[in-house]
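To start, the structure itself, in structure tokens.
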Amino acid sequence: MQENVLEIKNVSKHFAGVKALDDVSFNIKKGSCHCLVGENGAGKSTLIKIITGAHKRTAGTILYNGKEYNPSSTKDAMKTGIGCLFQELNVVEQLRVEENICLGLEETKYGIIQNNNESLKKVLDVLATLDASINPKSYVEELSVAKRQVIEIAKALALDSDIIIMDEPTAALSEEEVRRLFQVVADLKARGVTIIYISHRLDEIFEIGDYITCLRDGRHIETKPRADIHTRQELIQMMIGKVLVEDYIPNKVDYNVKAIEAIGLTNDKKLKNVSFDLHKGEILGFYGLIGAGKTEIANVLYGVDEYEGTVKINGATANIKNPTQAIAKGLALVPEERRTEGLCTMLSICDNTPMMNYKTVSSGGILNAKKMKDLADMYVKKVVVACRDSAQVIAFLSGGNQQKVVLSKCLNSNPDIILLDEPTRGVDVGAKQEIYALIRELSEQGRSVIVFSSELPEILNICDRVGLLYDGSLQEIIQNGDDVDSQHIMNIVTGGV
Amino acid sequence: MKDKKFSMNRKMLQNLILILVLIALMIFFYIQNPRFMALVNWTNLAKQNVQSIFVGCAMALIIITGGIDLSVGSVMALVAVSFVYLCGFGINIWVAALICLGIGALVGILNAFLIIKMRLTPIIATIATWTSISGLAYTLCKAIPVQADEMKPITILNTGTVGVIPYALFFMIIAIAVFMFLEKKTVLGKYCVAIGGNENAAIFSGINVDRIKLIIYVLSGIMAAMAGIIATARSGQGDPTTGAGMETVAIAGCVLGGIDMKGGEGSVFGMVLGTVTLAVIKNGMNMMGVQSFYQQVATGLVILVAVLINFAVSKKTKHGKSSKKKKAAEAV
């Protein structure tokens with residue numbers, strides 16, 4: 001039996017009372033490719049952050065090569081031999097490939113860099129075995145994402161890492177580049193390097209995984225050799241457990257009136273030929289895992305990103321170039337990142353509420369402070385924002401209440417079509433239900449809603465129809481109802497057929 | 001390799017464009033006034049611009065890290081006034097010069113302290129030191145240029161020649177050589193690019209980012225102090241207006257030379273080309289008798305056009321597809 005390189009024992013992590021990780025224990029074998037799977041929010045990233053030293057664990061121990069392991073920082077973790085390929089790559093574009101790999105490790109004499117030394121040669125040999133097509137003299141800015149990853153791997157090897165963590169490494173890679181990466185992973189394993197691999201793409205996991213650990217709601221569900229898991233279905237079952245679908249009540253949808261007709265949406269961000277209709281009064285859901293293209297669809301409809309294809313609003317071709325035009329055509333977006341895209345967090349509720357439509361609080365371009373306060377107060381009451389008063393600064397509100405202010409802001413522009421991107425991310429359970437009720441109310445008023453979400457229960461709770469996304473293309477649109485098959489949905493959004 | 005060819009082209013292309021512009025300007029000014037090419041004019045040019053090259057060398061490194069040092073001009077003023085006072089007290093002029101370099105280094109340490117420990121952005125920190133140090137210089141001499149006969153030997157720095165070549169040219173060449181060496185051959189230079197290009201990557205690579213910043217701001221203070229001494233040698237008095245506007249000249253030279261204010265991009269050699277180009281424009285227009293206000297307009301336009309060309313060149317040759325992908329990856 002191989003020895004364990006990493007032993008995770010009873011590790012927990014609490015964030016302000018929320019258990020992100022709850023008593024997780026499993027072992028990782030030396031020289032294996034150990035895959036972590038789980039839905040969004042299952043605790044994968046938290047676990048990785050603990051292993052790489054970005055977070056401190058609340059409880060539990062980790063043994064690394066049999067010794068207690070407690071990194072003080074990511075730098076510390078890298079020094080001790082645990083390297084990580086972050087989703088946002090840590091390379092300096094303006095430096096050459098070899099300079100990047102040696103950065104911080106240069107051999108110097110009086111601060112002068114010594115070239116042609118042994119260690120540089122060793123590093124370049126490593127690089128050559130990983131990908132011979134990369135010229136060590138070329139500048140990183142000219143390389144593709146895939147090659148930048150290889151450089152980070154080479155850097156980790158130059159630091160003598162024996163564990164390399166790869167967090168969704170294939171998200172931005174082409175098919176061919178993925179092949180190359182897998183080849184690299186195989187080579188690394190042959191050197192005795194352990195890979196911790198995280199991906200939403202289950203096919204990849206079946207292909208390169210030796211062991212699979214499944215997390216769900218912060219708890220460890222199971223660790224199994226890949227060979228013991230026979231079908232995708234089995235794995236999906238481990239990931240989602242039992243989906244609790246709360247009472248979905250069909251909304252009054254007028255299927256004769258199309259609020260949005262999207263035909264063949266394609267762009268260089270991600271989308272591949274996405275076509276769908278949104279009807280009057282309908283709540284349409286888009287479900288997919290991270291990187292499937294949900295936010296991209298929202299951004300295209302809202303005029304943030306360019307696209308090819310046609311979008312018709314109320315039957316007329318809409319050529320929306322920016323959010324200003326989108327709002328004028330009756331659209332509103334609740335963006336994914338409320339703190340950076342949705343709100344000015346240092347301003348008050350009062351200042352934020354009229355931001356999408358100042359007409360309601362001004363005359364002749366001059367703001368009326370009283371109208372602003374009245375408007376904010378009205379929405380605070382209507383959507384039930386828990387706050388001291390409408391003069392309170394956004395930053396001091398809880399996530400759920402912040403999200404309600406974003407909703408107020410959108411409602412004030414009196415939209416016909418509302419796009420909600422991850423409307424309940426980081427929102428507590430109570431506020432979630434209130435937001436769902438608000439969304440249903442919008443539909444009752446005859447407005448059309450699109451919900452983009454990576455939480456399946458949420459989608460199945462409120463949406464009439466659900467579009468399933470995988471890797472930028474719309475695989476299928478299913479009708480919600482009692483007979484909806486969550487196994488089938490998971491299969492589709494993880495790349496199954 | 002295709003990749004390699006591309007990369008060599010871009011950085012060389014930027015410098016090449018500037019060199020061509022410089023040559024074209026020189027030919028143009030020569031046609032306008034043949035005295036432009038006279039030895040005496042070039043001797044003057046060297047003497048006039050040795051200070052901006054000194055300040056620009058350190059400024060280039062600082063801007064490459066994504067920082068800025070606006071206090072350079074005020075350091076020159078303080079050094080000019082202090083130097084003459086110190087000489088007046090009977091201190092040996094070379095000792096006095098050393099003390100002045102110390103003053104420059106101290107201002108550099110102060111800047112670095114504000115930026116690193118107090119976490120001020122470089123522009124705010126150095127505006128503060130710029131204003132106070134400048135005020136200090138005026139206060140010391142009560143706004144009247146100070147004079148002392150004891151400092152006269154220092155004027156050799158301005159008047160001295162080897163054959164027909166003024167010392168100033170040698171000073172310039174030495175400063176440029178030293179800084180190009182620092183930039184290309186030492187870890188300091190590499191780390192400056194790394195910090196400006198991706199500070200996180202630099203930190204994760206184990207680079208002591210704070211120490212690098214301290215070093216370059218101190219270097220900047222020392223180079224400004226040297227420029228201040230040379231300015232004193234040239235004017236023969238301790239003038240508190242010494243170095244006024246030097247920060248703008250140095251920054252303009254860097255920007256014109258292809259150094260990106262966001263950091264990571266550019267070179268000391270580019271700064272030299274930029275500074276020389278600006279100097280030639282000013283000098284050439286003087287010789288044509290162009291009014292100084294028009295000169296300013298023309299100089300501004302040259303900087304604008306050069307930066308736009310630079311932008312177009314770098315946009316064309318960067319790996320555009322990947323940066324878009326990166327944005328998409330960030331968006332999800």
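Small disclaimer: the values here were computed from a predicted structure and weren't measured. Note on naming: letters A, B, ... go to the chains in the order of the sequence lines (proteins, then strands), and numbering restarts at 1 for each one.
- For the set B:Asn200, B:Val193, B:Ile195, B:Leu182, the entry with the most heavy-atom pairs within less than 4.5 Å of chain A is B:Val193.
- With contacts defined as side-chain heavy-atom distances shorter than 4.5 Å, the pair A:Val91/B:Asn198 does not qualify.
- Note: A:Gln94 CD to B:Asp260 CG = 8.0 Å, rounded to the nearest 0.5 Å.
- Within 6.0 Å of CD1 in B:Ile123 there are 12 or fewer heavy atoms belonging to other residues, nucleotides or ligands.
- Residue A:Leu159 holds its CG atom at 8.0 Å from OG of B:Ser205, rounded to the nearest 0.5 Å.
- Only the side chain of A:Lys155 comes within contact range of chain B, judged by heavy atoms closer than 4.5 Å.
- Sparse packing is recorded around CD of A:Glu308, with 12 or fewer heavy atoms of other residues, nucleotides or ligands lying under 6.0 Å away.
- Taken from CG in A:Leu95 to NZ in B:Lys190, the straight-line distance is 7.0 Å, to the nearest 0.5 Å.
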Using the side-chain contact (heavy atoms from CB on, under 4.5 Å) rule, take A:Glu93 and B:Glu265 through it: C-alpha gap first, then chi angles, then the decisive distance, then the call. CA-CA 9 Å; A:Glu93 292 186 4; B:Glu265 198 74 55; over 6 Å; no

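- To the nearest 0.5 Å, atom CG of residue A:Leu103 and atom OH of residue B:Tyr191 are 6.0 Å apart.
- When B:Gly264, B:Ala202, B:Gly196 are compared by the number of non-hydrogen pairs under 4.5 Å with chain A, B:Gly264 comes out ahead.
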